[in-house]
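What follows is a set of notes on a single structure, which appears directly below.
Proteins come first, then strands; the chains are lettered A, B, ... in the order of their sequence lines, and each starts at number 1. Predicted model, so just to flag it, every value in this text is computed and none were measured.
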Protein chains: 2
Amino acid sequence: MTTVDHLRQVRLGNLRTVLLALVDRPGSRADLAARTGLTKATLGNLTEPLLASGILVEEPATLAGMGRPSKPLRFHPDGPVAVGAEINVSHLAVETLGLDGETLERRLVPADMRGATESEVLDRVAELIREVTGPRKLLGAGLAIPGVVHDGIVIRTPNLPGLVGSPLAEGLGRRLDLDVELDNEANLAALAHLWPHHLAGEDFVHVTADVGIGAGVVLNGEVYRGVSGFAGELGHVVIERNGVPCTCGSRGCVERYAGLDVILREAGRRTLNSLRKALDSGDPKAARAVRDAGEALGVGLATLMNLFDVPTVVLGGSYALLHDHLSAAVQSEMDGRVLAGGERHTRLLASPLGEFAVARGAAGLVTRRAVQQPERLFA
Amino acid sequence: MTTVDHLRQVRLGNLRTVLLALVDRPGSRADLAARTGLTKATLGNLTEPLLASGILVEEPATLAGMGRPSKPLRFHPDGPVAVGAEINVSHLAVETLGLDGETLERRLVPADMRGATESEVLDRVAELIREVTGPRKLLGAGLAIPGVVHDGIVIRTPNLPGLVGSPLAEGLGRRLDLDVELDNEANLAALAHLWPHHLAGEDFVHVTADVGIGAGVVLNGEVYRGVSGFAGELGHVVIERNGVPCTCGSRGCVERYAGLDVILREAGRRTLNSLRKALDSGDPKAARAVRDAGEALGVGLATLMNLFDVPTVVLGGSYALLHDHLSAAVQSEMDGRVLAGGERHTRLLASPLGEFAVARGAAGLVTRRAVQQPERLFA
DNA sequence: CCTCATTCGTTCAATGCTTGAACTTAGTCT
DNA sequence: AGACTAAGTTCAAGCATTGAACGAATGAGG
């Protein structure tokens with residue numbers, strides 16, 4: 001700590017609260033002062049360098065009511081942006097996100113990544129990112145993979161075995177000359193529901209089924225990753241201790257009853273689209289397969305809620321598409337098994353974000369860090 | 001925010017880090033400066049009012065080595081203390097705790113609280129506290145009950161039904177003219193392993209079996225209580241979705257297989273003491289009952305670890321006493337079911353704290369708050 | 001016994017951030 | 001045109017930390 005670092009910390013903290021207020025919505029200096037509890041004088045001070053460096057713009061005066069008209073500040077439309085990329089078994093997706101939370105570009109390309117090597121994967125991702133971002137100034141990139149990540153290293157990816165142990169973030173960073181942050185797809189899908197906009201409160205679980213089942217847990221407005229990145233492994237919650245053996249070595253894991261592969265097999269379908277059609281046409285075998293999965297998922301979620309005590313579950317990914325045929329069974333198991341008392345309620349929502357949730361969350365990782373550590377904006 | 005509140009926050013934050021360093025161990029101003037990263041000048045400033053108000057004392061100079069001898073600072077032995085009380089089905093316990101982490105007094109009295117009313121319970125607790133504390137200056141009291149607490153209100157206490165909805169903290173506070181904080185016994189037993197001394201790291205779960213099974217979850221050095229106080233309800237984690245019905249309305253809850261009442265029944269014993277004797281004399285029925293419970297508990301804990309990703313489980317209360325006959329089965333289920341990868345390890349420990357863990361944790365609630373919000377020390 | 005080296009603790013001017021009040025600017029309302 | 005209102009700026013004051021200088025208290029060595 002040098003002489004005046006304490007003072008600098010105060011300033012950075014205030015800068016952060018101002019930026020958070022601006023993510024919420026644009027506002028004049030006076031408005032921001034009222035919203036943050038700081039004074040107009042401080043707001044003038046804090047925003048000056050942000051305007052000078054092109055992070056913010058001052059809009060033309062708004063003529064509304066009496067008094068001197070205000071000149072609202074907002075994130076500069078040509079300011080720096082973040083990019084997020086998702087590597088998955090069967091596709092790649094990227095999305096660019098402005099500091100204001102607006103999506104600028106998206107791209108999703110089918111691609112069989114199952115046997116690919118690290119450098120093949122990274123080459124394709126880097127190329128896709130270059131196509132999408134063009135010459136814009138980038139704050140950084142977020143990278144999502146279906147697997148467990150700890151300290152920037154891929155620890156476990158049952159479905160992309162070629163990538164275990166790879167320093168993916170570093171590799172992509174070198175290719176693009178950018179800061180890259182790597183995280184689990186479940187965590188990032190959850191983050192997309194928290195940042196830049198609160199879609200499900202500050203405490204919730206986001207559940208998806210792709211090849212496995214992954215849950216992203218948000219506690220107190222932060223994604224909870226656990227000590228080693230293994231938190232939220234809902235797929236391996238046990239619901240029948242002597243049940244079906246699982247590839248993980250355990251028995252009776254939720255994944256073996258509510259995984260997408262299980263649903264499709266039981267329904268006698270090969271694709272999610274075909275399953276949806278069967279459901280829409282009232283096929284009883286399909287309906288039963290989905291309901292059975294919902295029951296198993298509901299038991300696992302009840303256990304999760306008895307441990308985490310969050311009020312909200314968000315069904316995302318494939319589950320969101322099956323929501324109308326799935327949620328009754330899930331809700332019923334949860335109602336019967338989650339401990340009740342006081343004012344406690346549980347909500348079950350379908351994600352509104354669709355297939356770009358993960359890539360958007362990956363980009364959100366970057367914009368969020370930029371806001372929370374504003375010194376990065378000036379670097 | 002008034003004019004210089006920001007600066008005041010900086011000072012209070014520094015005061016907190018100094019007090020934390022002192023809880024760790026006493027030290028001279030120069031030593032504390034080195035440990036906290038602050039300067040000697042600041043330390044002189046910060047400690048001056050603490051010495052003046054009798055929170056700290058300056059010990060006589062220590063003659064060790066060259067240079068001017070240092071005068072170590074420590075918490076004043078006659079300074080203010082905290083008291084913690086545990087209300088349980090069959091006993092009351094209290095403990096007084098100094099800011100330095102030393103236990104001053106303890107008292108445990110058998111008492112059947114099952115049918116007691118709020119005021120009967122509080123009268124007895126208040127009397128016990130008065131006996132134990134005498135005329136010492138009290139920082140406050142912590143109160144533990146076997147049940148779910150939210151916003152200072154008892155929401156659920158299956159075993160002390162007379163207390164649901166009672167403002168216990170307020171009632172005890174009035175009787176003793178003190179600040180009283182109410183919390184769940186599982187959370188407080190866990191806190192006792194975190195504060196004032198780290199006995200199991202900063203991330204762990206502490207599990208006890210009394211009438212039910214309760215887990216106190218510590219994440220990142222903080223007790224995690226969840227949105228409504230229901231977090232860590234390990235007893236109602238499902239291990240067999242079509243298993244034994246539970247009083248909670250669900251089926252196959254861990255509690256129905258690993259609860260103390262189940263162990264005793266299966267072992268054909270009436271008390272924990274008698275069970276211990278049977279185990280010591282090699283009774284196979286008792287051993288099997290404990291092992292079966294251990295398997296069920298292990299399945300539940302495996303699920304918990306796949307969700308929370310903490311590296312350590314502490315067995316406390318009755319489980320600590322059964323540790324040697326229980327842990328092999330628990331560990332074996334955990335090894336087989338917790339997702340592995342990277343550097344991940346899991347530890348299973350027996351609590352060293354014994355029957356005062358909960359009361360000590362309740363007192364710790366108060367000393368911890370005093371240290372983390374040092375402004376309270378001067379009020 | 002006296003001097004030097006060493007470490008502890010205190011004193012003090014400097015730093016830089018927020019603040020409230022006063023002030024300037026730029027509109028509306030009558 | 002003059003009063004009124006609200007936005008934004010300027011400025012002296014206040015304050016916690018800091019580093020450097022200083023005073024204090026002891027051990028080592030001659």
Categorize [X] for me: base, sugar-phosphate, or nothing, with a 4.0 angstrom heavy-atom threshold over every strand shown.
{"X": "A/S28", "answer": "sugar-phosphate"}
{"X": "A/S70", "answer": "sugar-phosphate"}
{"X": "B/A41", "answer": "base"}

Legend entry - Gap between atoms CE and P, on A/M66 and C/dG27 respectively (whole Å): 16 Å
Inset, instruction - Using side chain to side chain contact (heavy atoms under 4.5 Å, CB included) as the criterion, point out the one residue from B/V371, B/D100, B/T367, B/L99 that pairs with B/V23. - result: B/V371
Within less than 4.0 Å of OP1 or OP2 of [N], is there a side-chain N or O belonging to [X]?
{"X": "A/R68", "N": "D/dG8", "value": "no"}
{"X": "B/R11", "N": "D/dA16", "value": "no"}
{"X": "B/R8", "N": "D/dC15", "value": "no"}
{"X": "A/H6", "N": "D/dT18", "value": "yes"}
{"X": "B/T42", "N": "D/dT18", "value": "yes"}
{"X": "A/N14", "N": "C/dT18", "value": "yes"}

Legend entry - Closest contact, heavy atoms only, A/G27 versus A/L32: O-CD1, 3.6 Å
Inset, instruction - Check B/L182 against B/A169 and note the closest heavy-atom contact, atom names and distance. - result: CB-CB, 4.1 Å
Inset, instruction - Return yes if a side-chain donor-acceptor contact under 3.5 Å exists between A/R360 and A/T103, otherwise no. - result: yes
